[in-house]
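Shown next, in structure tokens, is the structure this report addresses.
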There are 2 protein chains.
Amino acid sequence: MADVTLREVARACGCSIATVSRVLAGTRPVGAETARRVREAADALGYRPNHAARALRGHRTGTVGLVLPQITNPFYPALVRELTHALHADGRAVLLADCDDDPAAEAEYVADLLGRRVDALLVIPVDEERSRDAVAAAAARVPLVLMDRGCGPGVADSVAVDNASGMALVLGHLAATGRRRVCFLGAAGTASAAAERRGAYAAGVGALDPGAPERVALGDFSVEWGRAAVDEVWPARPDALVCANDLIAIGALQRLQQLGVAVPGEVAVTGFDDIPMAALSSPGVTTVRQPVPELAAEAARLLGLRLSGDDTGPRRSIRLAPELVVRESSARGRTAIPAPAPAGRGESAPVT
Amino acid sequence: MADVTLREVARACGCSIATVSRVLAGTRPVGAETARRVREAADALGYRPNHAARALRGHRTGTVGLVLPQITNPFYPALVRELTHALHADGRAVLLADCDDDPAAEAEYVADLLGRRVDALLVIPVDEERSRDAVAAAAARVPLVLMDRGCGPGVADSVAVDNASGMALVLGHLAATGRRRVCFLGAAGTASAAAERRGAYAAGVGALDPGAPERVALGDFSVEWGRAAVDEVWPARPDALVCANDLIAIGALQRLQQLGVAVPGEVAVTGFDDIPMAALSSPGVTTVRQPVPELAAEAARLLGLRLSGDDTGPRRSIRLAPELVVRESSARGRTAIPAPAPAGRGESAPVT
DNA sequence: AAGTCTTCGGAGAACGTTTTCCCGAGCCAC
DNA sequence: GTGGCTCGGGAAAACGTTCTCCGAAGACTT
């Protein structure tokens, strides 16, 4: 039953291998009657093309490599989901590699995937700088699209959220709800998400409280840092904590709760990304929702373009606008005790 | 630079293609001097074997398919991570397919992966029954290991947590901390995790409060159900809610907080799985930690066994014992107001 | 009516490996 | 010295496609 080849189909329907291939692949028109016989025989035998042979002959495997820093980073599962769906819809399969945040492992996986003859690569680089060589080398061999994080200018096509406008949404919201003494809990380092969010905050915060000293604490994108950062900045008694991502925000919320600080009463807290936890924590975290399905679709589109058309155009860098999701952590008004959450807490309407 | 073939290496070092293949693959001993020359030439040219050709010739692709219901289910990322690492360590690549909880899509992906000639399949079935045909058909063609959820008896090898002993740990802990009026918030359906946890609860709860009516509410494995379930069972004023997984527990916590019920003061709440959110919610959720790295290692080992040895042994079903992780949601004692969380909240020591 | 063009179909090369078969040389035991 | 061995190495056959050539036969042009 298994492993029916073109030859067997050809023998069964009394014509040549070439003809069968043509009918099944639709490469060239074939006589109606012959085509019918071929299709019938193929169906009857349960013919399944052999992808290995096809890859060897055609120099394309119908396979795309997806390389990411850590699948356990709660922002990635949704992205992976959308990416695999988009790519499968184009008939491509996805080879997954998790680098464990290690640039060396990343380079190794990229090389392995190239050896397996992936048609293209989707890469979320581990590090802006230390990933550059491997990414650039790979981009020279196959179409490559960077996602989420950058990797130096002009290295490859890239798709990411517009961090600057996301941060602007947050600052606008805080201004509109009367917050003035704002403080930024961010991430150090050169990773583009960290740097862009930091920069956009610095650029926009002046409008809230002109002349105020800049209150910024930098660590990494983790819950632990969020907890620690609160201790660093709370003495200045800010009325809003703008966090560079949701994990930091969740850590901050935990520490504030330990300290007995009312959120959003005494201080508002905002995040970035809208990971699932942001909606489920209490209070729910006001955050910037990345347009994950659109990001994935755009990346898949770019890949398809490079794969089918001429692969010679200039590098494209696509930025998609995010939307603000307001939850309880930044609600207006001051109450001494955390108010019971409203009924529809998980489904707060996004605000653009 | 790209696409150096055996032929070119052979020409460069003045011997035959066969010899080069033998040296590089180590298939047969080759003269020391010749081997050195071959290796030198291969290095100099940057030879990379063509996996497609190798697959065509050798009938094995070095590739494993990983099929799961929903990568966005927060329990899976950690599992995927460990699985990919384990498989990559064996030199295999992982083709990922996300079924979106749809058995039809699952069947399609499995067929596609088989067409791509994966050497083996790792499947977390969507549904105990509706996945069975596709899984059984696939298991007849390649080694297949089921994970996390079952799929009927004897269909394939399987690796999963021991749900019964996990539930026993929970009940033992509640008994030890003086809880008596226990209530189960579970999931309906035939999925093995749902049924086993349900069954183990029913079997063990009698010891806590002999003769009490069985208080059980069944829905699905979601936060929404957790919220709704509380309304269903709270009128009976239980002093502990045993949830079939962490999502249900988190939903229950949210609703209890809305109702102003003190946790763990008035009622304890426990989950199952130990997803990242369980440690981060407040209060932290007491739960049963699945031994994820060990589950992955076991699955990889089973796969390797089937792939290298004779594939004829009986179906193996492996169950690994979980461990209890006690957090604030089930702390002993009754307080009217939720106590501020202790400092080391995220790192509560697991208790066996 | 002879040439040219299209249409349908087959033979066979190529893709890059692995592996089987074969050959020659050197060695040992009789 | 002859038969058998091992050892190092090459030629060539697969693996299952796709695709380029070719040929035959009919339809059209002139």
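Reminder, nothing fancy here: chain letters follow the sequence lines and each chain counts from 1.
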Checklist outcome for this item: Its contact letters, B for base, S for sugar-phosphate only and - for none at protein heavy atoms under 4.0 Å, make nucleotides 5-11 of chain C read ---BBBB

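A salt bridge is defined here as a Lys NZ or Arg NE, NH1 or NH2 lying under 4.0 Å from an Asp or Glu carboxylate O, and A:Glu33 with A:Arg36 meets this definition. Using a 4.0 Å cut-off between charged side-chain N and carboxylate O, A:Glu129 and A:Arg132 make no salt bridge. At a threshold of 4.0 Å, the pair B:Glu40-B:Arg37 does not count as salt-bridged, since none of the basic side-chain nitrogens sits closer than that to a carboxylate oxygen.
A:Val159 has its side chain out of reach of A:Asp157: every pair of non-hydrogen atoms, C-beta onward, lies at least 4.5 Å apart.
B:Glu82 meets the side chain to side chain contact (heavy atoms under 4.5 Å, CB included) test with B:Val292, B:Pro293, B:Ala296; sequence neighbours excluded. In this structure, A:Ala297 has no side chain to side chain contact (heavy atoms under 4.5 Å, CB included) partners at least two apart in sequence or on a different chain. Listed by chain and residue number, B:Asp100 satisfy the salt bridge (Lys or Arg N to Asp or Glu O under 4.0 Å) test with A:Arg81 (two or more places apart in sequence, or in another chain).
Among residue pairs with one or both ends in residues 123-152 of chain A, none qualify as ring-ring contact (aromatic ring centres under 6.0 Å, His included); sequence neighbours excluded. Annotation: ring-ring contact (aromatic ring centres under 6.0 Å, His included) contacts involving residues 88-120 of chain A, sequence neighbours excluded, comprise A:His88-B:Tyr109, A:Tyr109-B:His88. Among residue pairs with one or both ends in residues 27-79 of chain B, none qualify as ring-ring contact (aromatic ring centres under 6.0 Å, His included); sequence neighbours excluded.
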Show which side-chain atoms of residues 17-24 of chain B pair as donor or acceptor with protein atoms under 3.5 Å away, not counting sequence neighbours.
{"unit_1": "B:Thr19", "atom_1": "OG1", "unit_2": "B:Ser16", "atom_2": "OG", "d": "3.1"}

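The number of heavy-atom neighbours closer than 6.0 Å to CZ of B:Arg7, taken from other residues, nucleotides and ligands shown, is 12 or below. Atom CD of A:Glu108 has 12 or fewer heavy atoms from other residues, nucleotides or ligands within 6.0 Å. More than 12 non-hydrogen atoms from other residues, nucleotides or ligands lie less than 6.0 angstrom from CZ of B:Arg319.
Near-neighbour residues of DNA chain C inside residues 88-95 of chain A, defined by a heavy atom below 4.0 Å, are absent. Listed by residue number, A:Leu56, A:Arg57, A:His59 are the residues of residues 56-64 of chain A with a heavy-atom contact under 4.0 Å to DNA chain C.
Inter-axis angle, ends of the helix from C:dA1-D:dT30 to C:dC30-D:dG1, five pairs per end, rounded to 10 degrees: 50°.
Along DNA chain D, read 5' to 3', the first and last nucleotides having any atom under 4.0 Å from a heavy atom of chain A are D:dC15 to D:dC21.
Rounded to whole Å, atom P of C:dC15 lies 10 Å from atom CD of B:Glu8.
When heavy atoms are screened at a 4.0 angstrom cut-off, B:Ser21 is found touching base atoms of the nucleic acid.
Distance alone, capped at 3.5 Å, places no donor-acceptor pair between the B:Ser158 side chain and the B:Leu146 backbone.
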